[in-house]
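Hydrogens, waters and symmetry mates are skipped; everything else that's a heavy atom, side chains included, is used.
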Amino acid sequence: MNLKSNEPFWLLKNGLIVSYPSLKSNEECDVLIIGGGITGSLIAHQMVAEGYKTILIDKREICNGSTSATTSMLQYEIDVPLFELIEQIGEKGAIASYKACSDSIDKIEKLSKEIKSNSGFKRKKSLYYAAKKKDVDWLKKEYKARKDAGFDVKWLESDEILKQFGFENTFGGILSKQGASIDAFKFSHELFKLNEKEGLKIFDKTEMTKVEYFKGYNLVTVDSGFQIKAKKIVYCIGYESKNLIKENFVNLKSTYAIVSEIDHDKFKNITNTLVWNTDEPYMYMRTTDDARLLIGGGDEDFYDSKKRDELLDKKEKEILKTLKKIKPDYHFYTDFVWAGTFGETKDGLPYIGEHKKFKNSYFVLGFGGNGITFSVTGMEMVSEFLKGKKHLLSKYFKFGR
């Protein structure tokens, strides 16, 4: 297959798994979830499991936003290194944030088994290598911070990386035991299908146009004119929250990814490993469960989708140039190229919790490279919020921090 596309790989690979109706009547619920991606699917699963009458809406077709473009690398490593995060927010919050992401990988594995998922969850190690010699000092500092915090990590010299993974021109790196990969697009659809049978109501192509706040409930009007009365709203809208919340709390970035043709023989030595490096912006790489190589990077500030997509060819060349540095003899045959948009925060942490301008509401916004693992943490946090309980991470993930 020689197809190149600006459509995300997961969407083309899986096709239109299921279609849901748009809202055509007034509804009432305990919890209204806005956003039908991986975050919305996880929050909905938690809400249904706890007995809340739950409705979910999305202005697109389900999972056709960022979830269709994610690389679905499950890492506990946050975009801000642990030693830097400790300096920013203190040791307690930094280590707790990293450990929450680590625990989330275990929870996704458990959930995947519980629902008998076919989304290809696979345990993997994670290699974080120094792309430049000048990066070695701070990367060793990061290695020590993680080791001191109790994470299962090992330092590899460049010759060890060459021997184990066949990568040339590295300067050493951290090998972490904890990591995984999944097809988040398929996994989300599986969760929706399961929870719809348990009473979850799902409406796609249904856009919220207005929210009115009352004591004990909110009244949401959608583009068709129908209304949903909800005791609580949970916003799972990712980077699009930028259009809803006016203060500058997240920077939008464009990211690019390419996927190779199917090749069962190449890169066997990283089948069980996630790979990323210290470049700015960093390159990241994983194999897929159908024997392809997926590489991403080339991040830059987002201006508009047209300009983002115009850079596809240029960014493909940039990413392949990075691959050529570590695998000079390998020829990558591109099948898919696409671009996506994500949010980047100053501390690499999500925004999960209340916002003073949105009554009876919570936000679960997992930004950076840990969107999926932050969303799993969000399941637990929203559950606690609805019961009137506090959560350890609330003050680190709150708005206005």
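With contacts defined as side-chain heavy-atom distances shorter than 4.5 Å, the pair Thr278/Phe171 does not qualify. Lys242 has its side chain within reach of Asn248: a pair of non-hydrogen atoms, C-beta onward, lies under 4.5 Å apart. Between Tyr362 and Met381 the shortest side-chain heavy-atom distance does not fall below 4.5 Å.
The salt bridge (Lys or Arg N to Asp or Glu O under 4.0 Å) with Glu380 is formed by just one residue from the set Lys389, Lys387, Lys107; it is Lys107. When each of Lys253, Lys315, Arg308, Lys307 is paired with Glu300, the salt bridge (Lys or Arg N to Asp or Glu O under 4.0 Å) condition holds for Lys315 and for no other.
By the 4.0 Å N-to-carboxylate-O rule, Lys390 lies too far from Glu384 to be salt-bridged with it. Under a 4.0 Å N-O distance rule, the pair Arg292/Asp290 qualifies as a salt bridge. Ion pairing of Glu77 with Arg146 is present here, as a side-chain N (NZ or NE/NH1/NH2) and a carboxylate O approach within less than 4.0 Å.
Interatomic distance, Ile228 CD1 to Met208 CE, rounded to the nearest 0.5 Å: 10.5 Å. Distance check, rounded to the nearest 0.5 Å: CZ of Phe342 to CZ of Phe367 gives 11.0 Å.
The cationic atom of Arg401 (NZ for Lys, CZ for Arg) lies less than 6.0 Å from the six-membered ring centre of Tyr351 and within 45° of the ring axis.
Under the 6.0 Å cut-off for aromatic ring centres, Tyr129 and Phe165 do not qualify, their centroids lying 6.0 Å or more apart.
Note on ring orientation: taking the six-membered ring where Trp is involved, the planes of His189 and Phe185 are perpendicular (angle over 60°, cut-offs 30° and 60°).
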In sequence, state the C-alpha distance, the side-chain angles, and the governing distance for Tyr330 and Ser260, and then conclude on side-chain hydrogen bond (donor to acceptor under 3.5 Å, both in side chains). CA-CA 12 Å; Tyr330 176 69; Ser260 74; 4.8 Å; no
